[in-house]
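The model shown is predicted, which means the values in this text are computed figures rather than measured ones. Reckoned from all heavy atoms, side chains included, excluding hydrogens, waters and symmetry mates. The chains referred to below are lettered A, B, ... by the order of the sequence lines, with proteins before strands, and numbering in each begins at 1.
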Amino acid sequence: MATPGSPLDREKSKLAQARIAVLQYLCLGVFLYLVSGFWQLQVQSPDLYMEQAERNRVKWLPLLAPRGKILDRDGRLLADNHSTFSVILSRTNYDPSHLRVIADGLNLPYEEIESRLRRSRNMPEYEALVIKNGLTQAEVAFVEAHHSEFPELELIRSQRRLYPADGFASHLIGYVGEVSEAELNQPEFAMYEPGAVVGKAGIERQYNDILSGVDGRRQVVVDSRGKERGVIGIKDAKPGRSIRLTIDLDLQTAAELAMEGKNGAVVALDPRNGEVLALVSTPNYDPNKFAGRIRAADWKELISNPDHPLLNRAIQAQLAPGSTFKPFVALAGLESEAIDENFTVHCGGGATFYGRYFKCHVKSGHGAVSLHRGIAQSCDVYFYNVGNRTGIDKIAEYAEAAGLGRRTGIDLPHEEEGTMPSTKWKLRNFRQKWYAGETISVAIGQGAVTVTPIQLAVAYGGVLQGGVWNKPHLVPYDEMLELRPAFHAEAPRVYPISLVNEGKIASGLWAVVNEGGTGVRARIPGYDVLGKTGSAQVASAELAKARKTEKELKDNAWFMGAVPRDNPEIVVVALFERGEHGMLAAPIVRDVLKAYLDKKIRRQWTERQEPPAAPQPVVVGAVR
Amino acid sequence: MAKHLKNDRILFGAVIAMVFFGLMMVFSASAVIAERAQGSPYFFLIRQGGAAAAGLLGMIWLMQRDYHHFRHPAVVFGLLALSLTALVVVLFVDRTANTHRFFRIGPFSIQPSEFAKPALILFLAYFLERRARGINELRTIGTAGVLLAAMAGLVLAGRDLGTALVLLIIGAVILWAAGLNWRYFAIGAAVAVPLGIIAVLIERYRVDRFLIFLDPWKDPLGKGFQIIQAMIAVGTGGWTGMGLMGSKQKLYYLPAPHTDFIYAVISEEFGLLGAVAVLISFGVILWRGTRAALRAPDPFGVYLAVGLTAMLVCQALINISVVLALAPTKGMPLPLISYGGSSLVCAMWGCGMLLSVSQRAG
Amino acid sequence: METFLARYRNLTVLAVAIFTQLILLGYQIRSDRDVRLIRIWGVTAITPVARVVHGGHELVAGLWSNYVWLRGAQRQNTQLRADLDRLKLENQSLRNALGAADRLKVLAAYQQNTPSQTLVASVIGTGANPNSRVVFLDKGSGSGVQPGVAVITPDGIVGKVQAVFPTSSLVLVISDSSSAVGVILEKSRVHGVMKGTGVSEARLDYIPNEEKVGPGEKVYTSGEDRIYPKGLLAGVVARAQPGRDFQDITLQPGARLNRLEEVLVVVQGVHQDLPDKMPRAQAPAVLLPSPPPEASNPLELAPEPQRPAAPDGYTPQTDADKLKKRYRELGAMQGHTFGEGLPGSKPPDFNLGWTPPAKRPEAQPKP
């Protein structure tokens with residue numbers, strides 16, 4: 001044990017002191033080494049470190065996922081993508097004083113960039129913000145040429161939506177656009193960030209979750225001049241899935257062409273399974289204009305257009321069905337036994353009910369009218385009597401069973417309901433008693449009753465199936481099962497209708513087209529086409545007088561066509577706004593039916609040639 | 001002799017200031033990461049605060065005690081055995097980020113290699129004092145060398161080259177102060193350097209780190225990324241820095257901003273002033289530590305003070321060198337400042353012992 | 001005592017070292033214009049020296065007609081030179097215009113042409129960093145040079161001013177790998193972006209593969225980059241070959257970027273009208289869509305899941321567009337107006353001209 005104080009220890013302690021001093025110097029040397037490190041880092045080569053330091057940054061660049069395509073039932077393209085450029089702003093190293101120049105160069109209002117930045121405050125800062133999609137060549141040149149000034153800007157290739165030209169099927173397909181602030185607050189769009197492109201209408205909106213993929217991102221290091229120096233990590237984009245629709249492009253094309261220059265809508269569907277084969281609404285709009293950001297002028301024009309091009313008339317136009325409603329009145333009369341097959345009325349051009357005179361559309365009258373002739377000639381007086389005997393509540397019961405005055409549940413956003421009046425309806429909505437006189441107007445599809453084209457198509461289809469109404473849909477059920485495994489097809493709605501009565505109605509509808517009825521223009525030689533015209537007054541006579549234009553006074557023309565006579569495979573409803581008379585809507589339906597029939601022939605020819613085990617995907621219940 | 005007990009206020013004040021500054025910096029550097037990864041920006045701050053409290057209590061207790069109490073063989077060998085056992089056991093217990101360094105006890109994780117350092121210092125101080133007359137005898141050197149090699153080897157087996165290095169340096173410093181003939185250092189170096197090279201070569205990542213140290217710009221996005229980002233952090237600090245919480249590098253670019261690279265964040269947020277202040281604080285520890293060593297009444301105190309000072313200062317110097325890209329990257333916290341409970345507690349207890357020596361140094 | 005001294009010495013050395021570092025770091029302070037003061041001082045201090053050295057070199061080498069000396073002596077010469085350069089520019093645009101069909105229109109266009117306001121400047125140095133291609137000019141903010149303006153020569157564009165000092169400015173040359181210029185091809189009028197590569201040749205990007213581009217075709221600035229006025233010569237196509245997304249085109253810049261002597265700084269740029277007012281005859285902005293597929297089975301367009309991505313510049317079409325065209329033709333062939341038809345009229349035949357796919361010729365159906 002060392003005892004302090006001994007000479008040896010003192011010597012030792014001296015040695016220790018010297019040695020500790022050496023250590024001190026050693027540490028001091030390291031301190032100086034560190035200081036020299038500082039010096040080297042901060043002073044000696046500022047160009048190498050400081051400039052790097054200022055701008056050498058890691059950027060997160062989004063990899064935009066391509067949106068799924070929209071195909072028709074045969075896999076033909078309805079909506080595609082084509083590549084464009086987007087520009088993104090890195091929010092970690094942007095300079096607020098640059099924004100005005102950037103806004104100018106990108107032809108964006110400065111306030112817009114500002115508000116975008118404000119909105120994106122809650123996003124992680126390293127995530128870059130897409131400030132403009134679908135750049136023009138000039139904007140690309142601007143961004144490229146200012147790399148050294150604005151290293152915060154970055155071009156990325158993105159996919160722009162490509163739709164058919166001239167608004168073909170625009171209401172059906174819908175369009176995409178940048179997610180709005182209001183939408184961002186909805187749970188449906190919670191996963192999106194400002195600047196994201198989402199479906200805004202039609203199929204694009206309805207199946208946005210399937211069509212839109214998940215964006216990936218790339219972490220890159222950029223140098224002091226904004227030049228990419230390398231990639232640190234990549235998270236691949238997950239592309240959206242394509243959707244095959246029930247739409248048959250051949251029928252859609254025929255319907256689109258038939259509606260050119262007319263306002264209205266066409267709906268074609270297969271009543272056996274509810275698959276919608278064509279859905280047209282005119283006037284339409286060019287969804288390609290929405291693909292990036294719509295120009296203010298284009299938007300204003302769409303909004304202020306008196307014909308309301310954005311309205312999807314096929315599911316949103318709620319109009320009086322006119323005479324197309326009559327078969328449902330007849331059905332109600334027959335089913336409730338208010339009338340029978342032999343019920344006959346004399347039409348002298350009009351009749352008086354409850355003190356009021358109701359005209360027939362043929363001034364001279366139809367003479368003696370039976371059910372068959374009543375439907376074929378669309379005699380108003382006959383149906384006044386049928387309606388009067390049946391009563392509003394029976395009419396409403398069967399019309400509602402057919403689906404009139406209620407949403408069909410088609411897989412498109414913003415479907416309208418229509419109205420089917422009844423005593424209950426009046427009490428509920430107006431707290432008034434139903435006057436029997438009102439029934440007379442309803443019996444010919446006027447008055448309070450309003451329907452949408454899709455409702456009418458579904459209603460006819462179900463009645464002609466003997467009381468089986470399939471929910472109309474645009475994505476085949478087998479496709480839905482693939483896209484959403486939890487999907488369950490809805491069972492068709494059934495309401496018992498006597499097949500005898502259904503046959504009587506069908507024979508009347510057949511006579512409309514084939515026995516010199518109102519719908520002869522829909523006749524297709526060689527086929528038993530069923531049809532029913534409708535000419536519905538747009539407004540009451542007083543209102544019509546108040547607005548003087550000729551066009552306003554014209555009736556809306558409806559036509560329903562179906563083929564074949566027994567268990568129709570296709571029902572087509574055309575609405576021709578201000579078409580004057582239902583017979584003028586008949587050729588529209590004929591073109592669509594003919595396109596269907598011709599395609600069927602082509603398929604048969606092809607099948608006869610093909611070996612029986614052709615690798616054709618078999619769609620249960622589909623037309624093909 | 002050391003009969004009048006006078007607190008070493010300078011050392012105590014420096015340590016307390018550094019700990020509080022460290023807490024602030026840990027919060028600043030980790031708030032964003034903590035919020036994202038743990039849900040609360042205070043996650044790391046709270047844990048570090050707990051460790052600081054434990055460290056402070058221990059420090060004050062140790063400081064009040066006469067350090068001669070630690071000269072008891074039971075204390076020395078008990079600690080040594082405990083830390084050696086822990087070092088062995090930890091190799092089989094935990095795999096964190098492909099390294100074996102931690103015990104997890106409930107919410108706490110303990111890093112035995114941190115506690116190995118004071119254990120080694122205590123042992124060497126005790127052992128060398130007993131062998132004061134035979135320092136250069138083979139028996140002494142052999143025992144010390146074997147123990148040192150065993151400890152360093154165990155730590156190295158846990159893939160912690162930095163701590164192994166620190167253990168070796170502490171051992172060398174104490175032996176040096178004890179008057180070991182310089183020839184033995186030459187021999188030791190001749191053995192350790194090839195071993196060190198082998199240790200480096202044996203792990204691919206250490207080779208990479210070393211090569212990258214030589215030229216970080218060769219692979220600025222891959223392996224040189226850490227170093228370059230740290231340099232950038234220091235470089236952007238400038239004169240007075242970006243202000244507290246102002247560091248950008250810590251957000252996404254700097255790896256481990258609240259642990260190994262906290263000095264880079266200090267440099268970026270407080271600029272040169274902050275960086276130099278931290279450097280000076282360690283200078284103060286060096287000053288007061290060596291002062292205590294020089295005035296210590298007995299060899300045990302000398303060796304203890306020298307060892308503890310070496311532990312704190314050499315860790316700091318290595319850490320800062322790494323941040324300034326003057327040394328190859330290795331996992332090494334900045335004592336008293338970096339996040340890490342074991343490191344903080346151990347450093348503070350070490351300071352407590354140092355204060356105890358200092359108080360009795362007159 | 002000795003150790004005390006040693007201790008104080010240590011502290012002194014440490015203090016001195018830190019103090020030195022502080023001084024050195026003082027240089028780090030930046031001016032409010034984001035340029036380090038030391039850099040401004042340095043450049044400002046060196047500019048006159050560089051100018052003198054440059055001038056001396058000019059005189060001794062006698063390579064060039066002592067422009068610098070003359071400028072000091074005769075302002076007129078400068079004016080004439082500026083006029084000459086401007087005339088060269090106008091002449092150049094005129095020559096380009098003459099290549100077009102309608103000469104009268106070009107003349108009219110030229111009359112409206114207001115050349116940009118420019119400033120003569122001399123190149124006094126080049127950048128030291130081998131990775132960046134920059135030159136220093138002897139005109140700075142004192143002469144009205146602003147950051148971001150174009151620098152041109154009568155032979156072609158040079159670059160843009162990246163930084164401005166009191167008496168000099170730094171120009172990022174178009175051959176720098178971070179430079180880009182919005183350009184138009186002379187013949188096809190297709191817009192693209194010219195990008196520097198770091199070497200003497202430049203790249204022309206975003207030209208669709210189906211555009212015809214041949215060596216020797218001139219490339220003019222489009223003005224779209226908002227830096228270079230429209231209608232200046234940027235370069236000449238050296239090579240062109242089809243690429244993955246766009247053509248790989250190599251350009252030879254018009255200006256001799258390696259031997260820049262004097263240049264024009266565009267103080268106030270005015271787009272020259274020539275590309276816009278030109279007759280559009282030569283400029284098919286949009287290519288015709290590719291012809292419809294051969295009519296073995298024209299109505300049943302096969303699904304095309306692997307359709308190649310529509311190259312940019314080509315008007316992309318969906319199957320719906322093609323089918324609509326086909327149906328319209330079918331209707332026209334039969335004199336059928338869609339959506340109309342009198343009672344008793346014949347419905348359209350959409351199978352007209354359709355033949356079943358002839359996979360099994362022996363099983364031909366009888367239509």
Side-chain angles (χ1 to χ4, degrees), chain A residues 17 21 24-25 28 31-32 35 38-39 42-43 46 71 74-80 82-83 105 137-138 140-142 144-145 147-149 162-165 168-169 225-227 249-250 253-254 256-260 262 520-521 524 587-588 590-591 594-595 598 601-602 605-606 608-610, chain C residues 3 6-7 10 13-14 17-18 21 24-25 27-28 36 129 148 162 172 177-178 180-182 191 193 195 206 222 224-227 299-301 303-305 309-310 312 316 318-321 323-324 327-328 331 338-344 347-351 354 356-357 359-360 363 365:
Chain A
Q17 287 189 352
Q24 281 182 314
Y25 281 117
L28 202 74
F31 269 107
L32 286 178
V35 167
F38 257 114
W39 189 76
Q42 298 190 306
V43 183
L71 310 165
D74 297 327
R76 291 173 287 188
L77 280 166
L78 275 166
D80 198 358
H82 64 120
S83 66
Q137 185 63 249
V140 168
F142 170 80
E144 293 258 30
H147 250 310
S148 50
E149 285 87 350
L162 173 70
Y163 298 110
F168 184 101
R225 282 180 296 168
K227 210 157 182 63
L249 207 45
D250 287 276
T253 306
E256 293 273 354
L257 288 169
M259 287 306 290
E260 261 183 3
K262 306 178 178 79
V520 287
R521 290 172 199 233
I524 302 173
I588 300 169
R590 182 178 69 165
D591 281 348
K594 190 66 168 52
D598 283 352
I601 290 171
R602 289 203 297 278
W605 284 349
T606 311
R608 247 178 277 156
Q609 279 194 332
E610 297 282 334
Chain C
T3 51
R7 208 163 56 231
N10 295 348
V13 173
L14 183 63
I18 290 165
Q21 196 190 351
L24 290 166
L25 277 157
Y27 288 112
Q28 299 297 307
R36 245 170 266 101
N129 189 341
Q162 202 175 34
L172 185 72
S177 57
S178 65
V181 182
H191 293 233
V193 174
K195 291 177 179 169
Y206 308 131
S222 66
E224 289 171 335
D225 52 36
R226 315 284 289 268
I227 297 170
L299 287 182
E300 309 284 346
L301 284 166
E304 292 171 282
D312 296 52
T318 63
D319 293 335
D321 295 306
L323 198 66
K324 189 169 163 189
Y327 268 78
R328 210 189 279 283
F338 281 90
E340 281 173 32
L342 292 170
D349 180 7
F350 296 125
N351 290 348
W354 183 83
K359 277 194 183 166
R360 290 186 160 190

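- With a 4.5 Å cut-off on side-chain heavy atoms, C:Y327 and A:D250 count as touching.
- Chain C forms the most heavy-atom pairs under 4.5 Å with one residue out of A:I588, A:L257, A:V520, and that residue is A:L257.
- With a 4.5 Å cut-off on non-hydrogen atoms, A:E260 touches chain C through its side chain but not through its backbone.
- Rounding to the nearest 0.5 angstrom, the gap separating the CD atom in A:E256 from the CG atom in C:L323 is 11.0 Å.
- Distance alone, capped at 3.5 Å, is enough to place a donor-acceptor pair between the C:D319 side chain and the A:L77 backbone.
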Under the side chain to side chain donor-acceptor pair (under 3.5 Å) rule, what do C:Y206 and A:E144 come out as? Steps first, then yes or no, please. CA-CA 12 Å; C:Y206 308 131; A:E144 293 258 30; 2.4 Å; yes

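- Here CZ of A:F168 is found 8.0 Å from CG of C:D321. Values are rounded to the nearest 0.5 Å.
- A:D80 places no side-chain N or O within 3.5 Å of a backbone atom of C:T318 that could act as its donor or acceptor partner.
- Side-chain contact check for A:K594 versus C:D349: some heavy-atom pair is nearer than 4.5 Å.
- Note that CZ of C:F338 is 11.0 Å distant from CZ of A:R590, once rounded to the nearest 0.5 Å.
- A donor-acceptor pair is defined here as one N or O able to donate and one able to accept, closer than 3.5 Å; such a pair exists between the side chain of A:D598 and the backbone of C:F350.
- Between the CD atom in C:Q162 and the CD atom in A:E149 there is a gap of 6.0 Å [rounded to 0.5 Å].
- To the nearest 0.5 Å, atom NZ of residue C:K195 and atom NE2 of residue A:H147 are 7.0 Å apart.
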